[in-house]
J.: 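Take a look at the following structure, please.
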Amino acid sequence: MSLILSEQEQVRRGALKEMHDLGINPYPPEAYEINTNSEAILRDFPSNESAFQDVCIAGRIMSRRIMGAASFCELQDSAGRIQLYFKRDDICLGEDKTMYNTVFKRLLDIGDIIGIRGYVFVTQMGEISVHVREFKVLSKSLRPLPIVKEKDGQIYDAFTDPEQRYRMRYVDLIVNDAVKHTFIKRTKIINSMRNFFNEQGYLEVETPILQPIPGGATARPFMTHHNALDIPLYLRVANELYLKRLIVGGFDGVYEFAKDFRNEGMDRTHNPEFTVMEIYVAYKDYNWMMDFTERMLERVALETNGSTKTNIQTQEIDFKAPFKRISIIDSIKEHTGFDVSQSSESELRDICKKLGVDTDPAMGKGKLIDAIFGEKCEHHYIQPTFITDYPVEMSPLCKRHRDNPELTERFELMINGKEIANAYTELNDPIDQRNRFEEQMNLSARGDDEAMFIDQDFLRSLEYGMPPTSGMGIGIDRLVMLLTGNTTIQEVLFFPQMRPEKIRKGVSADDFIQIGVSTDWAIHLVPAGFVSVEMLLAEKASAIQAKLNGYRKKNKLDMPAIQMDEIEAWLKK
RNA sequence: GAUUCGUUAGCUCAGCUGGUAGAGCAUUUGCCUUUUAAGCAAAGGGUCUCGGGUUCGAAUCCCGAACGGAUCACCA
């Protein structure tokens with residue numbers, strides 16, 4: 001911890017000490033029982049005044065308006081904010097006015113957590129407030145909170161620096177009300193999906209995060225090492241292959257909300273760890289899954305926002321089922337005019353060239369088609385749209401299309417120009433699956449470092465027989481972004497990945513103690529203007545003495561003035 | 001990873017073509033018994049992100065680094 005505290009931090013530590021001196025524990029151990037909260041009071045008081053004659057609530061002081069013997073402050077609890085009214089002679093019934101004059105007015109600050117007991121009333125300005133009879137300090141805050149003020153919907157001095165907000169999410173949550181609501185919605189969305197699945201009788205399961213073979217998706221994994229077994233392990237990039245093993249094992253429907261990890265770029269739609277929901281249902285195909293997915297999303301939107309419609313930037317998106325469906329080949333035809341259904345790899349390269357789509361030699365047919373779609377079609381799909389029937393090369397875990405073996409029974413759900421969900425009629429033919437993995441190995445040999453590894457145990461499970469199954473994965477973070485109107489993933493993750501915080505280098509008191517400075521003086525050297533040992537040594541002893549004793553006088557330090565011989569001793573060392 | 005912009009008080013930001021730092025809120029001290037971005041009066045608070053360079057003199061100009069934002073590439 002730094003020895004250098006800002007003035008405001010010093011003031012708060014001083015207040016802490018004064019509280020101790022008054023016999024007040026600023027961090028009391030016992031529970032504080034509340035009997036209501038800000039939201040309930042504001043909502044129910046007008047219709048039932050008598051129920052609020054003895055309320056007890058607790059929370060954080062967010063603003064104070066002190067006027068002599070009476071004051072107002074705003075208390076923020078988990079449900080919202082409410083105004084408190086403190087009157088000196090009501091807080092302090094006897095002659096001793098310490099609790100008001102000293103504790104409330106001087107020792108409490110914005111950010112402190114208190115509990116209060118009192119009765120609810122309406123001020124002359126018409127605001128429902130609590131008239132405080134007694135209060136208790138529950139936790140003293142030692143750092144000043146960024147103060148956000150608001151009037152007529154206009155926000156002043158908002159705490160907006162993204163770096164600070166993401167690194168100190170706790171402060172962000174305290175001060176920026178909308179942030180809390182985003183995360184409450186996130187949980188609502190997940191609960192809503194979970195209820196939907198549970199109602200159908202599907203089983204929520206957990207599968208390994210540490211995997212010996214990172215299968216189920218094409219992505220670069222994070223690697224780690226298990227010491228006891230002395231083997232490499234990977235953080236999962238997907239959980240697909242494990243969930244399918246469970247379908248082999250005889251469950252009709254399994255699902256998992258999973259943190260997946262991908263060692264790739266970070267930007268406003270990608271975080272190295274992210275949440276995916278994957279579900280697998282036996283005896284179904286991708287057509288059924290499309291119906292299921294649109295029903296689920298319609299319900300989730302309705303339960304979260306009270307409407308199937310949601311706004312993101314200037315777009316309005318409607319989750320009302322059914323969604324549009326179009327095959328990837330038809331989509332490319334529609335947006336580029338090219339029919340790529342019969343094209344060879346070299347023909348596809350020509351088309352890419354004509355369309356100005358970048359390619360590289362490692363790309364096979366599937367990736368080329370995907371590149372065209374990604375660049376020319378994807379961004380057109382603002383309203384929820386199922387893109388179906390992807391080429392076989394880019395879908396190694398997906399069953400071949402019943403009408404065309406070059407294609408697969410796969411769909412991706414595009415919303416607001418982005419992929420939100422991905423689903424297959426799962427490939428359950430073990431021989432075909434083995435061949436597909438081998439093709440992936442060939443792609444890998446061509447330099448595609450995202451092609452899949454072969455998971456022999458997964459193949460063995462398929463050889464025991466997996467029922468026809470459809471599976472679907474949905475990016476929870478992106479869905480939350482859509483349903484909360486956020487455009488960056490960092491806004492829907494409590495703690496997005498950041499570069500490690502820079503440790504402020506600088507001298508510590510110890511560095512000065514090394515050269516013989518007494519402990520008492522060492523802590524004052526930096527504030528007095530000596531920011532390095534070298535700087536101190538470069539000065540003349542008389543100049544140092546003048547400076548330090550000047551500092552001592554200015555800050556009224558309770559210690560003797562420093563003497564020349566002491567300083568000369570430092571300089572000799 | 002590339003390009004680009006940014007980093008000044010606890011927070012939000014000014015600071016013109018280089019002359020040694022300002023505002024509002026927050027803090028401290030007064031006054032104020034129903035205010036509401038409370039008000040009035042006064043005060044304190046800054047290694048101008050860091051390291052070099054140019055200069056008599058750098059928050060300001062130049063070079064480099066760190067961190068962050070935006071865009072692009074890869075990907076969900």
Side-chain angles (χ1 to χ4, degrees), chain A residues 4-12 14-15 63-74 81 83-90 100 106 109-111 121-127 129 131 143-167 171 175 217-220 237-238 260-276 358 360 370-371 374 412 418-422 448-450 473-479 481 488-490 498-507 526-527 529-532 535 554-555:
Chain A
I4 304 157
L5 297 175
S6 71
E7 186 203 13
Q8 291 191 43
E9 288 172 297
Q10 288 175 32
V11 166
R12 284 173 181 237
S63 74
R64 301 204 301 160
R65 295 182 285 281
I66 294 177
M67 308 164 297
S71 314
F72 289 89
C73 69
E74 270 185 297
R81 285 191 187 190
Q83 180 169 268
L84 306 179
Y85 177 64
F86 286 75
K87 195 170 165 187
R88 193 221 297 138
D89 297 334
D90 289 348
Y100 182 80
R106 216 157 49 72
D109 291 290
I110 290 172
F121 75 110
V122 181
T123 64
Q124 286 177 7
M125 300 298 288
E127 181 162 347
S129 309
H131 190 126
R143 287 174 182 263
L145 220 46
I147 302 302
V148 180
K149 295 212 169 184
E150 183 247 316
K151 189 190 188 182
D152 303 331
Q154 182 82 351
I155 308 276
Y156 299 84
D157 297 339
F159 178 59
T160 53
D161 179 357
E163 179 181 358
Q164 304 253 68
R165 288 184 49 230
Y166 301 153
R167 283 194 198 283
V171 175
V175 140
T218 52
R220 262 187 294 274
V237 296
D260 288 350
F261 306 84
R262 298 191 182 173
N263 205 343
E264 279 158 357
M266 287 161 55
D267 59 33
R268 65 182 219 277
T269 52
H270 299 86
N271 195 63
E273 58 180 288
F274 61 103
T275 305
V276 170
D358 287 340
D360 72 68
D370 192 40
E412 290 197 349
K418 293 264 160 52
E419 181 197 335
I420 291 294
N422 181 23
D448 183 345
D449 57 1
E450 289 175 357
I474 182 163
I476 296 297
D477 309 298
R478 291 186 175 180
L479 180 65
M481 285 164 68
T488 67
I489 197 170
Q490 286 81 6
M498 303 281 282
R499 229 174 263 273
E501 197 166 355
K502 194 171 97 184
I503 292 156
R504 239 201 168 173
K505 78 166 187 341
V507 280
V526 174
F530 296 102
V531 296
S532 72
M535 183 178 168
K554 186 177 164 196
N555 291 283

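Residue numbers begin at 1 in each chain, while the letters A, B, ... track the order of the sequences.
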J.: Give the rounded distance in Å between these two atoms: CD of A:E150 and C1' of B:A37.
T.: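 Distance check: A:E150 CD to B:A37 C1' gives 8 Å.
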J.: Rounded to the nearest 0.5 Å, how far does CD of A:Q8 lie from CZ of A:R143?
T.: 12.0 Å
J.: Can you check the A:Q83 CD to B:A37 P distance for me, whole Å?
T.: 11 Å
J.: Going by atom types only, do A:S71 and A:Y100 share a side-chain donor-acceptor pair under 3.5 Å?
T.: yes
J.: May I ask you to verify whether the side chain of A:D157 and the base of B:G24 hold a donor-acceptor pair under 3.5 Å?
T.: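 For A:D157, whose side chain was compared with the base of B:G24, there is a donor-acceptor pair (under 3.5 Å).
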J.: Find the distance between CE (A:M481) and NZ (A:K418) and round it off to the nearest 0.5 Å.
T.: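 So the gap between those two atoms works out to 6.5 Å.
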J.: With sugar-phosphate meaning primed atoms plus P, OP1 and OP2, does A:N271 contact a base, only sugar-phosphate, or nothing at under 4.0 Å between heavy atoms?
T.: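 The answer is base, as A:N271 lies within the cut-off (heavy atoms under 4.0 Å) of a base atom.
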J.: Closest nucleotide of RNA chain B for A:T160 versus for A:H131: which of these residues is on the 5' side?
T.: A:T160
J.: Using heavy atoms to find the nearest nucleotide of RNA chain B for A:D109 and A:D161 separately, return the residue whose nucleotide is more 5′.
T.: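 The answer here is A:D161.
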J.: What I want to check is whether an N or O donor and acceptor connect the side chain of A:Q8 with the base of B:A26 at under 3.5 Å.
T.: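 Such a pair is found, so the answer is yes.
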J.: Which part of the nucleic acid does A:R143 contact within heavy-atom distance under 4.0 Å: base, sugar-phosphate only, or nothing?
T.: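 Here A:R143 touches no strand at all.
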J.: Pick base, sugar-phosphate or nothing for A:E7, based on heavy-atom distances below 4.0 Å to the nucleic acid.
T.: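 Contact class for A:E7: base.
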J.: Just the rounded figure in Å: distance from C1' of B:G69 to CE of A:M498.
T.: 10 Å
J.: Is it the case that the ring center of A:F261 lies less than 6.0 angstrom away from the ring center of A:F274?
T.: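 Between A:F274 and A:F261, the centre distance exceeds or equals 6.0 Å.
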J.: Could you work out the separation of B:A23 and B:A43 based on their P atoms and round it to a whole Å?
T.: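 Their P atoms lie roughly 11 Å apart.
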J.: Please report the distance, rounded to the nearest Å, between CG in A:D267 and P in B:U4.
T.: 19 Å
J.: Kindly indicate whether the side chain of A:E127 and the base of B:U35 share any N or O donor-acceptor pair separated by less than 3.5 Å?
T.: no
J.: Roughly how many Å apart are B:C40 and B:C48, using the C1' atom of each and rounding to a whole number?
T.: 32 Å
J.: Is A:G475 touching bases, backbone alone, or none of the nucleic acid, heavy atoms closer than 4.0 Å?
T.: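 No contact.
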J.: Whole-Å distance between B:U36 P and A:K149 NZ?
T.: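 Those two atoms, NZ and P, are 12 Å apart.
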J.: Say we look at B:A66 and B:A26: how far apart would their C1' atoms be, to the nearest angstrom?
T.: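 Result for the C1' pair: 29 Å, nearest Å.
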J.: To the nearest Å, how far apart are A:Q154 CD and B:U12 P?
T.: 16 Å
J.: Give the rounded distance in Å between these two atoms: CE of A:M266 and C1' of B:G69.
T.: 13 Å
J.: Starting at CZ of A:F159 and ending at P of B:G24, how long is that distance when rounded to a whole Å?
T.: 23 Å
J.: At under 4.0 Å between heavy atoms, what does A:R106 touch on the DNA or RNA strands: base, sugar-phosphate, or nothing?
T.: sugar-phosphate
J.: Check every strand shown and say whether A:I66 touches a base, only sugar-phosphate, or nothing at a heavy-atom separation below 4.0 Å.
T.: base
J.: If you compare every side-chain N and O of A:R499 against the phosphate oxygens of B:G68 (OP1, OP2), does one of them come in below 4.0 Å?
T.: yes
J.: Using OP1 and OP2 only, check whether a side-chain N or O of A:R262 sits under 4.0 Å from B:C74.
T.: no
J.: Less than 4.0 angstrom between a side-chain N/O of A:R65 and OP1 or OP2 of B:U34, yes or no?
T.: no
